[in-house]
Amino acid sequence: MSDRAIHMTASVLLGHPDERLVEALPLLTMTVDRLPAGEAASRLRAFLKHLATTPLPRLAEHYVATFDLKCRCSPYLTYSTYGDARKRGMALLRFKHAFREAGFEPTGGELPDHLAVVCELSARGGVAQAARLLREHRAGVETLHRALREERSPYADVVAAVLATLPPPGAREPAAARRPAREGPPEEQVGVGPTAHASGTSSPGVPAAPRPGWE
């Protein structure tokens with residue numbers, strides 16, 4: 001259950017910051033305070049402190065500058081590996097199938113490989129499916145975390161908390177995560193890029209709130 005609470009909190013924090021996120025801060029803080037001591041709890045607590053002490057316009061400006069304007073910080077887990085290449089479309093199908101298997105249908109404007117959406121899948125009960133997607137695309141999560149850390153973005157703490165819920169990586173996983181960070185995504189363009197910008201994902205306001213467009 002702690003992993004589900006971590007993912008629930010991360011899903012909200014990775015949405016575009018707005019008034020509803022500020023209103024949810026007490027509930028988010030209470031949720032994190034109830035987590036077992038460890039990496040995930042300390043990382044989320046650090047970000048919540050940043051959230052509580054930073055004006056909302058500055059939070060929103062940093063969010064857009066980071067996730068919308070820097071491809072290397074893309075929150076779409078298949079983008080760092082496939083870019084806009086044809087293979088990304090097949091990878092996205094695996095995400096859609098996982099959502100349907102869990103009884104959900106992501107029909108809103110956000111692509112299903114957005115890290116916030118995958119975390120919300122876990123929060124809404126698709127724990128096994130979300131965990132599988134996160135393990136399969138750990139390279140994308142690692143690449144995003146590395147890019148955010150190099151940008152000195154506070155959001156690195158949120159992604160680190162998600163990583164803390166995953167089992168130790170396999171022998172090949174660290175190398176797989178380093179390759180996209182070093183080489184960048186493939187250049188082939190077929191219109192499956194990160195066009196559904198992260199800024200279009202509004203914070204649900206409270207951790208348990210469903211993301212609009214889900215059935």
Side-chain angles (χ1 to χ4, degrees), residues 2-17 21 24 28-29 31-32 35 38-51 54 59-60 62-81 91 95 110-123 127 130-169 173-182 184-185 194 196-201 203-204 207 211:
S2 63
D3 284 358
R4 185 175 176 181
I6 292 165
H7 293 160
M8 177 174 60
T9 304
S11 175
V12 177
L13 295 179
L14 289 169
H16 187 275
L21 176 60
L28 292 169
T29 301
T31 300
V32 172
L35 291 173
E39 175 81 1
S42 63
R43 293 283 194 156
L44 290 175
R45 196 170 288 114
F47 186 84
L48 288 174
K49 182 178 179 181
H50 165 73
L51 182 62
T54 306
L59 289 169
H62 174 75
Y63 187 94
V64 171
T66 301
F67 293 114
D68 288 4
L69 302 181
K70 292 184 173 71
C71 287
R72 66 195 301 266
C73 295
S74 172
Y76 300 93
L77 300 184
T78 64
Y79 182 70
S80 62
T81 301
F95 280 81
E110 200 59 88
L111 294 174
D113 64 333
H114 192 294
L115 181 56
V117 178
V118 178
C119 285
E120 187 165 359
L121 173 63
S122 175
V127 179
R132 184 175 72 242
L133 290 172
L134 289 171
R135 289 196 305 270
E136 290 177 355
H137 296 274
R138 185 187 187 112
V141 185
E142 291 274 11
T143 299
L144 174 59
H145 177 247
R146 183 177 297 107
L148 292 171
R149 191 177 58 201
E150 291 173 356
E151 293 288 337
R152 298 189 177 184
S153 170
Y155 282 98
D157 282 327
V158 182
V159 179
V162 176
L163 283 171
T165 67
L166 302 182
E173 288 187 34
R178 285 194 300 270
R179 186 203 61 77
R182 182 179 65 249
H197 289 301
S199 61
T201 306
S203 165
R211 188 175 302 278

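Residues: numbered from 1 along the sequence shown. Since this is a predicted model, take the numbers as computed values, not measurements.
- In this structure, Leu77 and Leu134 have side chains that are in contact, with non-hydrogen atoms separated by less than 4.5 Å.
- Note that OG1 of Thr78 is 3.5 Å distant from CG of Asp113, once rounded to the nearest 0.5 Å.
- No side-chain heavy atom of Leu115 sits under 4.5 Å from any side-chain heavy atom of Val158.
- Here the closest non-hydrogen pair linking Leu35 and Ser2 is CD2-O, 3.8 Å.
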message: Set out, in order, the CA-CA distance, both residues' side-chain angles and the distance that settles side chain to side chain contact (heavy atoms under 4.5 Å, CB included) for Leu59 and His50, then state yes or no.
response: CA-CA 9 Å; Leu59 289 169; His50 165 73; 3.5 Å; yes

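- Remark: side-chain polar atoms of Thr143 are paired, donor with acceptor, to backbone N or O of Ala139 under 3.5 angstrom.
- Summarising the geometry of Val118 relative to Pro112, their closest heavy-atom pair is CG2-O, 3.4 Å, with the distance given to 0.1 Å.
- Contact of the Thr29 side chain with the Val32 side chain is not registered, since no non-hydrogen atoms from C-beta on lie closer than 4.5 Å.
- Here the side chains of Val117 and Leu111 are not in contact, with every heavy-atom distance at 4.5 Å or above.
- Between the CZ atom of Arg43 and the CG atom of Leu48 there is a distance of 14.0 Å, given to the nearest 0.5 Å.
- Here the straight-line distance linking atom CG of Leu44 with atom CG of Leu28 works out to 9.5 Å at 0.5 Å rounding.
- A distance-only check finds a donor-acceptor pair linking the side chain of Arg138 to the backbone of Pro167 [under 3.5 Å].
- Taking a 6.0 Å sphere around NZ of Lys49, one finds it holds 12 or fewer heavy atoms contributed by other residues, nucleotides or ligands.
- Of all heavy-atom pairs between Ala65 and Lys70, the closest is O-NZ, 3.3 Å.
- When atom types are taken as modelled, the side chain of Thr66 and the backbone of Tyr63 share no donor-acceptor pair closer than 3.5 angstrom.
- Between Ile6 and Ala161, the closest heavy-atom pair is CG2-O, 3.8 Å.
- Of the possible donor and acceptor atoms, none in the side chain of Ser74 sits under 3.5 Å from a partner among the backbone N and O of Cys71.
- The two residues Ser11 and Ala116 come nearest to each other via the heavy atoms OG-O, 3.0 Å.
- Proximity of Phe67 to His16: side-chain heavy atoms (C-beta onward) are nowhere separated by under 4.5 Å.
- In this structure, OG1 on Thr9 lies 12.0 Å from CZ on Arg4, to the nearest 0.5 angstrom.
- Atoms NE2 and CG, on His145 and Leu163 in that order, are 6.5 Å from each other to the nearest 0.5 Å.
- Here the side chains of Asp3 and Val127 are not in contact, with every heavy-atom distance at 4.5 Å or above.
- Shortest non-hydrogen contact noted between Cys73 and Leu148 is SG-CD2, 4.0 Å.
- Considering CG of Leu14 and CZ of Phe47, their distance stands at 7.5 Å, rounded to 0.5 Å.
- Judged as a ring pair (Phe, Tyr, Trp, His ring centres under 6.0 Å), and not counting sequence neighbours, the contacts of His137 are Phe95.
- Residues Cys119 and Val162 have side chains in contact (heavy-atom distance under 4.5 Å, counting atoms from C-beta outward).
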